[in-house]
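Step one of this worksheet: look at the structure below.
Below, read A as the first sequence line, B as the second, and so on, with proteins coming before strands; counting in each chain starts at 1.
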4 protein chains.
Amino acid sequence: MSDSDRGAGRAARPRRADARRNEKALLDAAAAVFVASGVEAPIRDIAARAGTGTATIYRHFPTRADLIIAVYRHQVEALAEAGPALLTTSGTPQAALGRWIDLFVDFLVTKRGLAVVLQSDDPCFDPLHSYFLDRLLPVCTQLLDAAADSGEIRSDLDAHELMRGVASLCAGAGNNFRYDARRLVELLIAGLHRPHQPPAR
Amino acid sequence: MSDSDRGAGRAARPRRADARRNEKALLDAAAAVFVASGVEAPIRDIAARAGTGTATIYRHFPTRADLIIAVYRHQVEALAEAGPALLTTSGTPQAALGRWIDLFVDFLVTKRGLAVVLQSDDPCFDPLHSYFLDRLLPVCTQLLDAAADSGEIRSDLDAHELMRGVASLCAGAGNNFRYDARRLVELLIAGLHRPHQPPAR
Amino acid sequence: MSDSDRGAGRAARPRRADARRNEKALLDAAAAVFVASGVEAPIRDIAARAGTGTATIYRHFPTRADLIIAVYRHQVEALAEAGPALLTTSGTPQAALGRWIDLFVDFLVTKRGLAVVLQSDDPCFDPLHSYFLDRLLPVCTQLLDAAADSGEIRSDLDAHELMRGVASLCAGAGNNFRYDARRLVELLIAGLHRPHQPPAR
Amino acid sequence: MSDSDRGAGRAARPRRADARRNEKALLDAAAAVFVASGVEAPIRDIAARAGTGTATIYRHFPTRADLIIAVYRHQVEALAEAGPALLTTSGTPQAALGRWIDLFVDFLVTKRGLAVVLQSDDPCFDPLHSYFLDRLLPVCTQLLDAAADSGEIRSDLDAHELMRGVASLCAGAGNNFRYDARRLVELLIAGLHRPHQPPAR
DNA sequence: GATGAATGAGCTTTCATTCAT
DNA sequence: AATGAATGAAAGCTCATTCAT
């Protein structure tokens, strides 16, 4: 949709096919390089792998943040859509939250380099932060609120902080042996349980 | 004794005062720059702030890791010594562990940039990792074991992983508003509680 | 053909002219600087003289050895081709050898700084040594063998050692007055003559 | 002599012993380091090996050339004295020349780094050149003249050029396998023989 | 007299980014 | 539109030399 209905007539100029293909190649290349060398990899490496010139990247993605967003857009969208679905299909809100966090962790751990950059202060990544928050914060908030409302978990932690915490734990992995982000996140989530939920209230 | 009794006058250890002062200046400068720009800050910046040339840094601290270790040595030692003491003075082993982790977090959060580098894979930081592990791992292990033995917490997490997890959460802070590492660590520790403490079973 | 028939106009190989010109400028500058300051001259000096940035040199010639080879390639090739030709046109194999050595000396003495680097152990020059040996050793060997076979000269010196000896004598020249490399090499070659050529055999 | 008869009285102030010992240590250290790393080795290395500060070197030998001269003085003197002696003891002037050149080569090849610096144009080595020429040129000239007078060798090469040639061939050695300076020098000397010794005279 | 600490220039190399074609 | 060449700003590190004690 976004790209095909370019208003009136003149549909698809001959050049457009090239540009399209190029953008695709760029995204694939970037994804691969990000996995291999992290999100801060030299622009040149990405261009080289895509078989384009460096300037082509700048044309398509003026900012590094733009490129990162584009690379991970599909998965972020999927993550966003998974939230409400889980709330429906999971037994309890808490279970839904746990499941969603699992997905989030899988995403971050798999696409390494990303978690690290999500911790960064560098203003050049602000758009990236914004994008993630715009898409995921509402979802996570909904899950958190649901679980809190059901009395299963503490209610004094907001979604933003939780997400940053999870991302931080994922960033800690590096290439390191002897560090299991999933397990630590599990602990963190376990810590959300109502301490001794005053049952006989 | 060490420096003051230079026997018959004939200066035996000249210039030491200057060098001493310089080293101090260097450490102070490094500490400040580390906080401001992270531990990977350009050597030149540190030298500039200390009012020395770059080579002076290399003389005192041949390696960046050496400098970092020197900057944080005092506090790491204090941390190491606090462990056994807390075990004595705190009510329960778990309380001791919690208190010690608090101190660890205070340290990491205060001396920012440090937490980030503790996550790094870069081999140039290996000596730094080694130093931290040598000093703190035994302490943390002792606390963790004590708490596990008393049945208060799960026993399936080793001290190394716990410390990395805590460090990661601290690294997430950046200069960011709206991120409270202490609170997240608290959650993580809470997650260590025996799930359903099978006490009176 | 190679560059001119770019089909339908749509520039297929743009910018090449500039790059070409730049490379030329770089080579010229390098040649000049090499003569003036030796082959170890700062990259910056060469860039400055060529009117380019330093990175431009790295793009064209990733390694210092690459640059040196490029600078002297034409002349080395000419030298290599001269060998067989001389063997044909000169009266005796010994004369051919002598003439070729003359050319070799002319080359080294003219392009000063080169002779010095050919003596160097520095591994960064290995590719340079390899190039010279690949191109010239076979030629020199052929000449030397021919002269040895004809009984005119001793046969106990291999071409490699001879070439190094000649290069060394040329390196001795520096900018010095009162040192005539050609003459010394002449002596060296004269020393190759059969000691007492078994005349009445 | 040079150092002990410092005019009237006050012979040997207490400090002199120290200074003397220091100078000796410096020379020994320099000799060792020169062999290991060449004559251009960092001043610091020499000071370190001598167990002194760097400034001590500057006090004793203001210039690098001064230090080099001092290190090799004994051997240069020995070389200088050997000349006339050889002329007496050897069968022919030519034999004497050959023997002396052998000694010269042994010296240069053994004390590597020296030969290289003798080729250098760098004005900072001028005093070094001067010293060598002052001491050795007359000796070599005498030997050369004697051999020329006896009709054994060509007379169109002066001692200066010969010495530089020999030094150059020695400099070519580096740490390289497959390069025998002695052999090449032998060839050079062989080349000095009367071309076709006026047979039909 | 000796010391060794401090200096700061200088070199190489890497990249993000711009720009001419 | 796309290209990739050129740019120039960093940054780390090494040494010869000076200088305060």
What are the residues of residues 61-72 of chain A, sorted by number, that bring a heavy atom to within less than 4.0 Å of DNA chain F?
none
Acceptor/donor pairs from residues 58-69 of chain D side chains to any protein atom, 3.5 angstrom cut, sequence neighbours excluded:
{"from": "D/His60", "atom 1": "ND1", "to": "D/Glu23", "atom 2": "OE1", "distance (Å)": "3.0"}
{"from": "D/Arg64", "atom 1": "NH1", "to": "D/Val39", "atom 2": "O", "distance (Å)": "2.8"}
{"from": "D/Arg64", "atom 1": "NH1", "to": "D/Ala41", "atom 2": "O", "distance (Å)": "2.9"}
{"from": "D/Arg64", "atom 1": "NH2", "to": "D/Ala41", "atom 2": "O", "distance (Å)": "3.0"}
{"from": "D/Asp66", "atom 1": "OD2", "to": "D/Thr63", "atom 2": "N", "distance (Å)": "3.1"}

Without decimals, in angstroms, what is the distance between C/Arg21 CZ and F/dA6 C1'?
14 Å
When you look for runs of 3 or more Watson-Crick or G-U pairs in a row, both distances below 3.5 Å, which of them include DNA chain E?
E:2-21 with F:2-21
So CG of D/Leu128 and CG of D/Asp122: to nearest 0.5 Å the spacing works out to 11.0 Å
Under 4.0 Å: is that the gap between some side-chain N or O of A/His60 and OP1 or OP2 of F/dA1?
no
What integer distance in Å separates C/Asp122:CG from E/dT12:C1'?
13 Å
To the nearest 0.5 Å, what is the distance between OG1 on D/Thr56 and CG on D/Leu26?
7.0 Å
To the nearest Å, how far apart are B/Arg59 CZ and F/dC15 C1'?
11 Å
With a 4.5 Å heavy-atom cut-off, do C/Gln119 and C/His129 have their side chains touching?
no
Enumerate all atom pairs, one protein N or O and one N or O from nucleotides 8-10 of chain E, separated by less than 3.5 Å.
{"from": "E/dG10", "atom 1": "O6", "to": "B/Arg44", "atom 2": "NH2", "distance (Å)": "3.2"}

For B/Ala31, which residues count as a side-chain contact (heavy atoms from CB on, under 4.5 Å) partner, sequence neighbours excluded?
B/Val71
Could you tell me which non-hydrogen atom of C/Ala70 sits nearest to which non-hydrogen atom of C/Leu27, and how far apart they are?
CB-CD2, 3.7 Å
Could you check if a side-chain atom of B/Phe34 sits within less than 4.5 angstrom of a side-chain atom of B/Leu114, using non-hydrogen atoms only?
no
Please give, in whole Å, the distance from E/dT7 P to B/Asn22 CG?
6 Å
DNA chain F contacts made by residues 25-33 of chain B, counting heavy atoms under 4.0 Å:
none
Just to verify, what does D/Ala55 make a side-chain contact (heavy atoms from CB on, under 4.5 Å) with, not counting sequence neighbours?
none
Using the test ring-ring contact (aromatic ring centres under 6.0 Å, His included), find all partners of A/Tyr72 that sit at least two apart in sequence or belong to another chain.
A/Phe107
Nearest whole angstrom, please: distance from the P of F/dA5 to the CD1 of A/Ile43.
17 Å
In whole angstrom, give the distance that lies between atom CD1 of B/Ile57 and atom C1' of E/dT7.
13 Å
Heavy-atom pair of closest approach, residues A/Pro123 and A/Pro127
O-CD, 3.9 Å
Show every salt bridge (Lys or Arg N to Asp or Glu O under 4.0 Å) that has at least one partner inside residues 45-57 of chain A, sequence neighbours left out.
none
How many Å lie between OH on D/Tyr58 and C1' on E/dA2, as a whole number?
15 Å
My understanding is that only residues two or more places apart in sequence, or in another chain, count here; which of them pass side-chain contact (heavy atoms from CB on, under 4.5 Å) with B/Asp28?
B/Lys24
Distance col, row B/Phe125:CZ vs B/Glu40:CD, nearest 0.5 angstrom, shows 4.0 Å
